[in-house]
Every structure is written in C-alpha cells, then in structure tokens.
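Written out below as structure tokens is the structure these notes cover.
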Amino acid sequence: MKVLRKTLGLLVCTLLVSLLVGTAAAQKVTLTWPCIWVGVDSKAETIKKFVDEFNREHAGEIEVIIEENSDYQAYRDKLRTAISVGRVPDIFTIDADIPLYLESGRLLDLTAAMEEGWADNFIEGALDHTTVNGRIVAIPFEMGPTPVMYNKRLLQQAGWDHFPETFEELWQCAEDLKAAGIIPFSQMTGENAWTSMLWYSQLVVAIGGPNVYDDPNNPAFVEAARVLKRMFDYTTMDAVGAGAAVSGGHFLAERTAIFMNGPWYIGRLQREGLNNMYEHVGIAPCPVYEGGAGSKGGYIGNPQALLAAGATDDPAKAAAAIKFLQYLTDPQRVAELSAKSGALFYVKSVESEFEMERLQAEMIEQVNQAPYVVPHFQYMNPASVYNEFPMALSGLVLGELTPEEFVEVLNSKR
Amino acid sequence: MKKRRLSPGAVLLGLGKWTFLIFLFVYAVFPVLWLAVASLKTNGELMANPFSLPQVWQFQNYKKALAVSGIARLMLNSVLVSTAATFLNVLIASMAAYTLSRFRFRGNQVLKVMFSSGILIPLNALMIPYFVLINSLGLYNTMGGLILVYTAIGIPISTFIIMGFMASVPEELEEAAIIDGACFYKRFFTLVFPLSRAGVVTAGTFQFLTCWNEFVYANLLTSSQAVRTVQLGIRYFTNQFATDYVSMYAAIIISILPSIAAYVLFQNQIIAGLTSGALKG
Amino acid sequence: MDVKREDRVGIVVFLTPALVLFTLFFIFPIIYLIIISFMQWTGFDTPVFVGWKNYLTIFNDKVFLRSIRNNLIWALCAGFIQVPLAVVAALVLSYRPLGWKIFRTVYFFPKVISAIALATLWAAVYNAQYGLLNGLLRVIGLGHLQTNWLGTLKTAFPSVIIYWLFYIGYYMIIVLADIQGIPEEYYEAAEIDGAGRIRQSLCITLPLAKTSIVTCILLAMIDGLRQFAEVYILTNGGPANRTTVMVLYLYKAMQNYSYGTSSAAAMVLIAIGTVVILTIKNTLGRETF
C-alpha cells in the first residue's frame with residue numbers, strides 16, 4: 001500500500017542519513033567556549049594564541065571556537081539560562097555561585113583523567129575546591145588574592161614612604177593625601193560594587209578574624225560597615241553609582257592613591273596606567289584594625305575562575321574537552337599566561353623563559369607569609385545576598401541605612 | 001495669511017512658541033553634538049573642561065575605536081535582521097489586522113483583545129521560554145532565529161496600530177470593490193492595505209526601531225560575531241575603555257552614525273509615509 | 001462587514017501566521033510564567049510547588065513596591081507630560097512656521113539612535129566629574145548646584161525620567177500626521193467666525209486628532225511600564241534601589257536564581273498594565289475604540 005511503502009522509504013532514508021551523519025561526526029569535534037577573557041582583559045591575547053595553537057595542532061580532529069563575551073553580567077545570564085534548560089556549554093569558566101554549579105550534576109567528571117597524572121600539575125590542596133562527593137568536576141584555574149594596591153609616588157607626595165600598617169595610620173594617611181590635593185580611595189557602588197566589596201571583605205576579616213563568616217550576626221559585620229562608610233568620605237565625587245571602569249580609571253589615571261584588586265589587573269596597570277604609573281604601584285595587606293581579631297598580613301583571596309566542561313554523552317566530545325583543558329593547564333603555558341597577564345594560577349610554577357612580574361612576585365610572597373587567606377564576601381555568600389550588596393552599600397553611604405540596618409538588609413536576603 | 005496687528009498677548013505667545021521650539025531642537029541635537037566634539041579631544045582636554053573645543057582633532061580616537069569593534073559586520077547584521085523582521089512582521093500583522101478590523105465574526109473581539117494584551121508582556125521575563133524555543137527549533141546563533149523572535153514579538157503592537165488605521169477605511173469603498181468583483185485578497189492588496197499606508201508605515205517604523213535597538217535577546221540567542229548585532233557592540237565598547245573616555249565617545253558616535261545616515265537618506269520616505277494621512281480624505 | 005462564504009478561507013489564511021507566532025511566543029511562555037510563578041526554582045533543582053508564597057514575598061518586599069511606584073510615576077509622566085508636549089509641538093508645527101520641516105526632522109532624530117546609545121550618552125552628560133550638566137552649571141555660575149546626579153538619593157530617579165521626557169519626536173510625528181489630515185475648510189470656517197488659533201486648536205484640531213493622541217498616550221504609558229535598558233545602564237536600580245523598575249526587579253530575581261519570584265513579578269506587571277490600558281481605553285478612548 002502507498003502508506004506502507006512511504007513509511008518504509010522514510011525509514012530507510014533516515015537510517016542511511018544517520019549512518020552518514022554518524023561517520024561524519026566522528027571526523028571532527030567542535031568545542032564552543034563562551035569566553036570572558038576577551039577584549040581588554042589581560043589574558044585575552046595569550047588565550048587566543050593558545051587556542052589558535054591548539055587548533056593548529058589538532059587540525060581536522062578538534063576545533064575550539066571562542067565566543068566573545070565581554071559583558072560579565074550578560075555572560076552569567078547566558079550561562080545560567082543555558083544550564084537551567086540543560087544546555088551546558090562545552091567549555092566554560094565559572095566565576096560566581098560556584099557551589100551551585102559544582103553540585104548541578106551538569107559538569108563533566110574529570111576524576112579519571114586527573115588520576116592519570118593530570119592532578120600533579122596543580123598545587124597542593126587546589127583540587128579540593130572543585131571536588132564534590134569524591135568526584136573532581138572542575139578545575140581551579142585562576143587564583144585571586146586581592147591586596148591593597150597603592151601609588152607610591154602619590155603617597156610620597158603626602159609624606160608617606162610606606163603603606164599604613166594600622167587603621168590609625170590609614171586615616172592619618174588619608175587626611176595627608178587630602179591635604180596634598182589627592183583623593184585617597186577608589187570606591188564604587190555601581191555594578192557589583194567590586195572594589196568596595198573587596199574592602200568590605202578585608203575589613204570584616206580584620207575586625208572579626210578569619211572565621212568571621214561562621215556567624216552572620218557577628219558584630220564585626222556592622223563595625224566593618226561603619227568603617228567602609230567612613231572611607232567614602234575620602235573618595236571621588238562619582239563613587240556612588242560608579243562602575244569598575246570608573247573606580248579603576250581613577251587609579252589608573254593617578255587621581256586616587258589607594259585601590260584594591262587582584263593579579264589580573266597587573267596587565268592593565270601596565271598597559272593602561274597613565275605616566276608609567278605601574279612602576280610606582282605597590283601592594284600591601286590590609287592594615288591591622290586596633291582591637292580587631294585579624295592579624296597582621298592577613299589576606300583575602302579565593303578561586304577567581306574555575307575551568308569546566310559540560311557533561312556530555314558523546315565520548316569523543318568528552319575526550320576532546322579533556323584534551324583541551326589539559327592543554328590549557330600545562331605548566332609551561334600557564335607560566336606564559338601568568339607572566340603576560342599578571343594573573344596567578346593554581347597550576348604549579350615551573351622554570352620558564354617567562355619572568356614573573358614584580359608585583360606578582362610580591363603578591364605570592366605576601367600570600368605565603370599571610371597567617372590566613374580568607375575568600376571574599378561575594379564568594380562566601382549566596383547570590384541574593386551579594387547581588388543586594390551594591391544597593392545596600394549605596395543606602396549606607398547616603399545615610400539611608402545605619403550600619404546595623406545595612407547588615408540586617410543583607411542578612412534578610414539569605 | 002492676513003497680517004494682524006500684534007497685541008502684547010500675541011507677542012508673548014510668539015516668543016513662547018519659538019522658545020519652546022528651539023528648546024526642543026537644542027535638546028534633541030546638543031547632547032549628540034557635545035559627545036561628537038568630546039570624541040575629538042584628548043582625555044586631558046576633556047577632563048580639564050567639558051566645553052572646550054579640541055586643539056587638534058584627535059582622529060586617532062576613531063581609529064582606536066574602530067580597531068576594537070568589528071562594527072562593520074555588526075552593522076550589516078543589524079540591517080539584515082531588522083529589515084527582514086520588519087517586513088515579515090508588518091505583512092503578517094496587516095493580514096491579521098485586516099481580518100480582525102473589518103469583518104464581524106464570532107471570536108473577533110476575543111482575538112482583538114488577546115493580540116492587544118500581548119503588548120504588555122515584559123519580554124525580559126521570557127528568557128527561558130524563548131531560549132528553549134529557539135534551541136529546539138535549531139535556530140540558536142542564527143540570524144533566522146533572531147528574525148523569527150523579532151517578527152513574533154512585534155505582532156501585538158503592529159496589529160494594534162494597523163487595526164486602528166484599517167478600521168477607518170470606509171465600508172462603502174470595499175463594498176463597491178466587491179460589486180466590481182474583487183475577491184478577498186484583491187481587496188486587501190489593492191484597496192485596504194494601500195489606504196492604511198499611514199498605519200503600516202507607523203507600525204513598520206516602530207518595529208524596525210525595536211529590532212535595531214534590541215539588546216537582551218540579541219545577546220542571549222547569539223554567540224558569534226558573525227551573527228551579532230550593533231547593540232552588543234555598544235556594550236562591548238563601553239566595557240573596553242576604562243580611562244580612555246574619548247575613545248569610548250568615539251565608539252558611541254561610530255555606532256550611531258549609520259542610524260543617522262540612514263535617517264538622513266530616508267527621512268523623506270519615512271515622514272512622507274507617516275504623514276500621508278489619507279484617512280480623512 | 002459581514003463574513004461572506006467566499007471570504008472564509010481568506011480569513012483563516014490571513015489569521016494563521018499571526019496566530020501561530022502569537023501562540024509560540026506569547027501564549028506558551030505566559031503559561032510557563034504562570035506555572036513557574038507558583039513554584040520555587042533555582043534553575044538547577046527541580047521546581048517545587050509553593051502556592052502563593054512568591055506573590056506574598058514580592059508584595060512584602062519594599063523594593064518591589066518601590067518599583068511599582070516608579071513605573072506608575074513613569075507611565076503617568078509619559079502619558080501626561082511627554083505626550084502633551086508632543087501634541088503642543090505638533091500643533092505649533094501644523095501651522096507651518098518658518099523652518100517647520102527642519103524641526104520635524106530633528107525632533108524625530110533621537111528616536112533613530114537606540115535607547116542604549118542614548119542612555120550611554122546621558123550617563124556621560126550626568127557624569128559628576130566631566131559631565132555636560134555639571135559643566136554647564138559651572139559655566140553659568142550655578143556651580144554650587146553640582147552633584148552626583150545619578151548617585152544621590154533625591155536626584156537619581158528624577159534624573160532618569162526627566163531626560164527621557166523631552167524626547168517627543170516619535171509621538172509628535174504621529175499626531176502631526178493626523179492633524180495634517182484635517183480638511184482646511186474647517187479652519188477657514190472658524191477663521192471667518194473670528195476664532196483665534198488657540199480656539200481653533202482646542203475646538204477643531206484636538207477633537208479630530210483624538211485617535212492619534214489617545215494611541216500615543218497608550219503607547220507612552222505602556223513604554224513607561226516596560227522600561228529597562230535606560231535604568232539598567234544609568235543606575236542599575238540604585239542608589240539604594242531608588243530608581244528600580246519592575247522589569248529590572250524581575251531581571252535581578254533571575255540573577256538571584258529565583259525564577260519563581262521573577263515570574264510572579266512579571267505577572268503583576270502584566271496585571272497592572274492591563275488595568276492601565278483598560279482604564280485609558282474606557283475613559284479617554286471610549287468613542288475611538
């Protein structure tokens with residue numbers, strides 16, 4: 001009958017086509033990587049170089065395609081949406097809400113490959129950050145200590161030859177800077193209030209000690225808010241509502257003397273700093289808070305970015321993803337990436353032709369000497385809390401919220 | 001016009017009128033002009049005095065901005081996507097508007113209200129459903145996907161606008177056409193559609209501008225530069241220039257230049273279409 | 001017109017594409033929204049039914065209530081300040097003063113630049129350090145009025161709305177088009193009767209241009225309720241949530257992995273919008289629609 005013949009024909013065609021497609025698929029695997037290390041990001045150039053080299057070496061077998069995402073927020077939206085509907089990207093980075101992603105079950109299990117010697121590339125204890133129920137599901141890649149960055153030249157103009165070691169000294173330094181016509185701090189409440197959030201993280205630990213996050217009702221949170229608010233008396237006029245570009249811009253243009261950020265910013269200091277200001281940048285741990293539970297030299301830092309691959313049923317794709325990730329985490333390449341961008345990584349350092357940057361070396365030294373390294377506020381809190389932080393901060397600074405109310409608002413979002 | 005003796009009231013009114021007109025004129029133009037001038041300064045000049053004229057025109061700001069952008073490609077994509085989506089949207093909306101506004105049948109009212117209520121839906125809330133939809137149709141990261149989404153989201157408003165204009169085409173005209181033997185499709189294409197031209201152009205302009213300006217879904221549903229549109233480029237620029245305000249301004253000017261150029265070229269058609277007012281003829 | 005037999009097929013053919021698109025892109029997603037608004041879902045776990053909890057949560061959230069207030073203010077300003085400005089401009093231009101064509105072209109021009117570009121531009125204008133506004137104040141001797149426009153509690157929201165209100169080009173053109181379709185005879189008759197221009201405008205032009213005016217009011221109010229990009233770029237809802245709007249609120253809820261409350265907020269927005277539209281239709285637009 002006509003219908004029967006038609007369906008048979010369709011069946012045969014489908015079988016043929018799928019056979020063809022099947023064999024064709026075995027030819028080349030494409031891995032898409034929605035990448036945020038693009039544009040002016042300090043790692044952009046080197047990452048692109050690595051990807052091109054990888055594609056050349058594996059021409060015809062594997063191709064990695066970078067999709068440019070320069071807007072962090074848009075990237076997070078896309079990642080979140082994609083994972084919610086079950087479409088994980090092939091390769092991607094995670095920089096926030098890490099526990100959610102690690103436990104999502106949508107990441108490729110890397111344990112087997114790790115056990116074959118890949119794990120040796122990483123420093124002691126690093127992989128613990130990304131192990132869930134005994135399975136390693138992501139790679140801790142970029143490390144993020146976030147010390148104080150300050151402009152030695154400007155401090156000298158105000159009569160300071162070293163960075164203040166206590167908060168008493170810090171306020172005095174701020175007054176002296178102001179008297180010399182220099183704006184002391186870069187602060188911001190726009191976007192995710194990054195710089196100010198980092199300062200808050202430092203304050204919270206300086207006042208409450210390294211275990212301060214164990215109790216959200218620790219009075220250190222309120223006291224830290226009080227101190228942060230006072231810092232806004234010594235900052236630029238546009239700090240409220242300012243984004244990262246603005247607060248960073250002030251430091252890069254030598255309008256503010258004291259900043260805070262991580263090693264990835266070193267590349268930008270070198271390339272975008274005006275008047276060679278990079279030569280004059282020094283780093284220091286947070287000053288000691290008189291009467292606080294923090295210790296001298298205490299540091300803030302945590303995994304800044306994890307590398308992960310999307311879970312997949314296709315063994316060829318899984319193998320390709322692992323190959324690429326291994327390529328990226330090869331110690332020689334990471335040494336190059338680190339030297340060229342300033343960023344620090346969880347991969348063991350090796351002897352390489354690439355010299356470590358001055359500030360990087362200083363940072364590593366200070367981290368090694370630090371009595372503790374505590375993750376920052378954003379890392380230690382759920383999305384609903386840290387997304388409210390910028391709003392609460394602007395409320396605090398503008399007098400709408402008392403420090404107590406500030407902490408209350410944040411805690412109410414848990 | 002007869003010349004009247006000017007009373008103080010008339011003078012005041014005249015003054016008020018011109019102040020009003022000129023204020024709006026300056027308001028529409030000045031910020032863009034200011035930005036254009038600022039984009040030709042150095043950062044030092046900008047920070048010293050926002051009003052100064054540049055000593056030397058810093059065209060390298062534009063070179064820098066262009067180097068960062070890839071804007072030509074983005075521009076082309078925007079033009080393709082917006083034009084296609086507008087054409088499809090206006091056609092489909094006109095067809096629907098014709099049936100809904102000029103025929104009485106059961107369910108007509110319900111459909112009218114249903115389409116119009118679509119205007120209120122906050123599209124940002126629909127990220128997940130649209131993502132799933134476009135992915136299941138296999139249209140992720142394709143211009144076709146964007147075109148489909150844009151065509152669809154403009155249906156409620158375009159239908160609403162065009163219905164208003166189509167309803168006022170006199171019934172007698174159509175009945176005369178029926179007597180002359182014109183069929184359903186002929187009446188639409190040769191009579192009602194042309195007479196509703198003002199509504200069609202209004203809806204079309206609105207739709208085109210919506211497509212051109214759209215950012216959220218252009219970002220969510222595309223991933224490669226080959227498919228992306230201009231608005232993503234603008235966001236890209238502002239993220240790139242931390243201290244280099246003047247290059248950022250140059251980038252913004254670059255991104256709006258084509259819109260301005262198109263407007264200058266086509267303004268006669270656009271305005272003629274909008275003002276053809278063949279309603280009360 | 002009544003439907004004749006031969007028209008039936010045509011009607012179905014013409015309605016189908018719109019209906020298909022509408023169903024796919026509106027009806028299904030709305031059903032999805034309604035369902036999720038009664039669930040608790042982070043996007044990573046399985047949705048759990050929680051009844052009205054999400055709605056209770058958002059109505060107890062001061063930020064959400066503020067966003068409703070902001071949107072309503074915006075809608076009212078749009079409908080009853082922006083549109084009237086546009087109507088006045090249209091009236092003035094309808095008498096074809098010197099250079100009226102130039103004015104018409106220039107007024108429409110900002111609409112051609114995207115909202116994102118305009119907002120970015122105004123962020124530069126409002127910039128506390130190098131912006132045009134503070135610079136202007138300095139130049140005319142009002143330097144003491146300088147402030148961080150987008151970062152001060154009292155000035156933030158007005159700053160976000162006011163710049164937007166004077167972009168009247170789009171509505172003006174629509175109304176102007178309608179006005180220019182009014183037959184000259186009416187005005188000639190009025191002139192003979194001794195009516196001045198203002199009288200003519202009030203008694204002839206406005207009533208006859210009612211369709212376009214009410215359409216513009218509706219479109220403007222809806223636009224006021226749907227605001228997102230401008231606020232996102234200028235202030236991201238700050239400072240201290242002063243400039244938040246409903247769409248921004250629901251977007252942030254999504255960023256907090258709270259799809260349930262996000263959908264609930266979306267439903268509230270739709271409900272408010274429907275009420276607004278119906279109110280306008282039944283008061284101002286009674287004869288026209």
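Here is the naming used below: chain letters follow the sequence lines, and residue numbers restart at 1 for every chain.
Other residues, nucleotides and ligands contribute more than 12 heavy atoms inside 6.0 Å of the CG atom of B:L33. In the displayed structure, B:F23 atom CZ is contacted under 6.0 Å by more than 12 heavy atoms of other residues, nucleotides or ligands.
Using a 4.5 Å cut-off between heavy atoms, B:L88 makes no contact with chain C at all. For a residue to count as touching a neighbouring chain, one of its non-hydrogen atoms must lie under 4.5 Å from one of that chain's; by this rule B:V32 touches chain C with backbone and side chain alike. Both the backbone and the side chain of C:V88 come within less than 4.5 Å of a heavy atom of chain B. Proximity to chain B is limited to the side chain of C:F228, based on heavy atoms less than 4.5 angstrom apart. For B:L100, the part lying near chain C is the side chain, with the backbone staying farther off; criterion is any non-hydrogen pair under 4.5 Å. Contacts of C:V125 with chain B are made by both backbone and side-chain atoms, with heavy-atom separations under 4.5 Å. When heavy atoms are compared at a cutoff of 4.5 Å, B:M163 does not approach chain C at all. In this structure, chain C has a heavy atom under 4.5 Å from the side chain of B:F30, while its backbone stays farther away. Heavy atoms of C:Y32 lying under 4.5 Å from chain B belong exclusively to its side chain. Interface residue C:L250: only side-chain heavy atoms are found under 4.5 Å from chain B. Proximity to chain B involves both the backbone and the side chain of C:V106, based on heavy atoms less than 4.5 angstrom apart. When heavy atoms are compared at a cutoff of 4.5 Å, C:L98 approaches chain B by way of both its backbone and its side chain. At a 4.5 Å heavy-atom cutoff, B:V132 makes no contact with chain C through either its backbone or its side chain. Heavy atoms of C:T274 lying under 4.5 Å from chain B belong to its backbone as well as its side chain. If you measure heavy-atom distances from B:L24 to chain C, the contacts under 4.5 Å come from both the backbone and the side chain. In this structure, the portions of B:F103 lying under 4.5 Å from any heavy atom of chain C include both its backbone and its side chain. Only the side chain of B:L126 comes within contact range of chain C, judged by heavy atoms closer than 4.5 Å. If you measure heavy-atom distances from C:I222 to chain B, the contacts under 4.5 Å come from the side chain alone.
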Distance-only donor-acceptor hits, side chain of residues 13-29 of chain C, under 3.5 Å, sequence neighbours excluded:
| from | atom 1 | to | atom 2 | distance (Å) |
| --- | --- | --- | --- | --- |
| C:T16 | OG1 | C:V12 | O | 2.5 |
| C:T23 | OG1 | C:L19 | O | 2.6 |

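By number of non-hydrogen pairs under 4.5 angstrom with chain C, the leading residue of B:A93, B:A152, B:G118, B:S116 is B:A152. Across B:L133, B:T151, B:T159, the residue that shares the most heavy-atom pairs under 4.5 angstrom with chain C is B:L133. Counting heavy-atom pairs closer than 4.5 Å to chain B, the top residue among C:I270, C:V9, C:L93, C:I11 is C:I11. With chain C as the partner, the residue from B:K17, B:E175, B:E171 showing the most heavy-atom pairs under 4.5 Å is B:E171. Annotation: maximal heavy-atom pairing with chain B below 4.5 Å, among C:L269, C:L121, C:I30, C:V92, occurs at C:L121.
Looking at C:W100, C:F108, C:F103, C:F166 one by one, the single match for ring-ring contact (aromatic ring centres under 6.0 Å, His included) with B:F25 turns out to be C:F103.
Considering every non-hydrogen atom in both C:G10 and B:Y185, the closest pair reads CA-OH, 3.4 Å. The minimum heavy-atom distance linking B:F160 with C:T215 is given by the pair CE2-CG2, 4.4 Å.
Pairs engaging residues 7-35 of chain C under the salt bridge (charged side-chain N to carboxylate O under 4.0 Å, His left out) rule: B:R187-C:D7 [sequence neighbours left out].
B:W212 CH2 to C:K111 NZ: the interatomic distance, rounded to the nearest 0.5 Å, is 15.0 Å. For the atom pair CG (C:L132) and CG (B:L35), the distance works out to 9.5 Å, reported to the nearest 0.5 Å. Atoms CD1 and OG1, from C:I174 and B:T205 in turn, are 8.5 Å apart once rounded to the nearest 0.5 Å.
Considering only heavy atoms from C-beta on, C:P110 stays 4.5 Å or farther from B:Y27 through its side chain.
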